[in-house]
Asker: 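Next up is a structure, given as structure tokens.
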Amino acid sequence: MQAEEIKEKIRKITGEQIEFEGHFSLVVENMAENQQTNLIEWVKRCNNREIAPDPSPAFRDLLIFFFKPAVANIRGILTKRKNSYFLALFLDKHKYYDQERRKLGF
């Protein structure tokens with residue numbers, strides 16, 4: 001699937017206001033189709049509250065979901081405002097993921 005198609009599927013789950021951060025398009029287009037499907041399913045599970053978020057130590061009003069597939073050097077962070085909407089989906093390699101985690105207080 002192309003990046004824009006995946007973004008549209010994620011927007012249908014989370015709402016139109018979500019931002020895509022990191023090297024999202026580049027990373028998602030280089031993922032295998034089953035990994036792309038796993039990402040979309042993970043977003044659905046986050047939205048349906050099947051996965052418990054972690055509160056951000058640095059920002060009291062943010063909830064954080066971490067995406068760590070077992071077979072890839074890809075990591076993701078989905079941020080949500082407490083009792084509100086999803087803000088951003090960050091997708092990138094370990095190095096940039098670690099930098100983003102530190103920004104959020106982890």
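Values in this document were obtained by computation on a predicted structure and should not be read as measured data.
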Asker: Can you measure from NZ (K9) to CZ (R11) and round to the nearest 0.5 angstrom?
Answerer: 14.0 Å
Asker: Minimum heavy-atom separation for P69 and I74, please, with both atom names.
Answerer: CD-O, 3.3 Å
Asker: Do any N or O atoms from the side chain of D92 and from the backbone of H23 form a donor-acceptor pair under 3.5 angstrom?
Answerer: yes
Asker: Heavy-atom count check: over 12 atoms from other residues, nucleotides or ligands less than 6.0 Å from K7 NZ?
Answerer: yes
Asker: Flag the pair M31 / L91 as yes when at least one side-chain heavy-atom distance between them is below 4.5 Å, and no otherwise.
Answerer: yes
Asker: Which value, rounded to the nearest 0.5 Å, describes the distance between Y97 atom OH and F90 atom CZ?
Answerer: 9.5 Å
Asker: Counting neighbours of CD on E50 that are heavy atoms of other residues, nucleotides or ligands and sit closer than 6.0 Å, is the number greater than 12?
Answerer: yes
Asker: Any heavy-atom pair between the side chains of I77 and I64 that's under 4.5 Å?
Answerer: yes
Asker: For K95, is there any backbone N or O sitting under 3.5 Å from a side-chain donor or acceptor partner on R75?
Answerer: no
Asker: Do L39 and F67 make a side-chain contact, defined as non-hydrogen atoms from C-beta onward lying under 4.5 Å apart?
Answerer: yes
Asker: Any chance CG of N48 has more than 12 other-residue heavy atoms, nucleotides or ligands included, within less than 6.0 Å?
Answerer: yes
Asker: Just verifying a value: how many Å separate I10 CD1 and N47 CG, rounded to the nearest 0.5 Å?
Answerer: 11.5 Å
Asker: Counting only heavy atoms not in K82, do more than 12 fall under 6.0 Å of its NZ?
Answerer: yes
Asker: Would you compute the distance between atom CD of E8 and atom CE of M1 and round it to the nearest 0.5 angstrom?
Answerer: 13.0 Å
Asker: Taking side chain to side chain contact (heavy atoms under 4.5 Å, CB included) as the criterion, tell me which of V43, T14, T79 meets it with F86.
Answerer: T14
Asker: What closest approach, in Å, do P57 and G105 show between heavy atoms, and which atom pair accounts for it?
Answerer: CG-O, 3.2 Å
Asker: To the nearest 0.5 Å, what is the distance between CZ (R45) and CD1 (I40)?
Answerer: 13.0 Å
Asker: Whether the side chain of Q2 engages the backbone of E29 through a donor-acceptor N/O pair (distance < 3.5 Å, no angle test) should be reported.
Answerer: no
Asker: Is the F65 ring parallel, tilted or perpendicular to the W42 ring (thresholds 30°, 60°)?
Answerer: perpendicular
Asker: Tell me whether Q36 contacts the main-chain N or O of V28 through its side chain, where contact means a donor paired with an acceptor under 3.5 Å.
Answerer: yes
Asker: State, with a plain yes or no, whether a side-chain heavy atom of L62 is found less than 4.5 Å away from one of L87.
Answerer: yes
Asker: Is any side-chain heavy atom of I18 less than 4.5 Å from a side-chain heavy atom of L78?
Answerer: yes
Asker: Can you confirm whether F20 is buried at CZ, in the sense that more than 12 heavy atoms of other residues, nucleotides or ligands lie under 6.0 Å from that atom?
Answerer: yes
Asker: Of all the heavy-atom pairs spanning F106 and P55, show the shortest one and how long it is.
Answerer: CZ-O, 3.4 Å
Asker: Could you tell me whether a side-chain N or O of K80 sits under 3.5 Å from a main-chain N or O of S84, the two making a donor and an acceptor?
Answerer: yes
Asker: Nearest 0.5 angstrom please: K103 NZ to S56 OG, how far?
Answerer: 13.0 Å
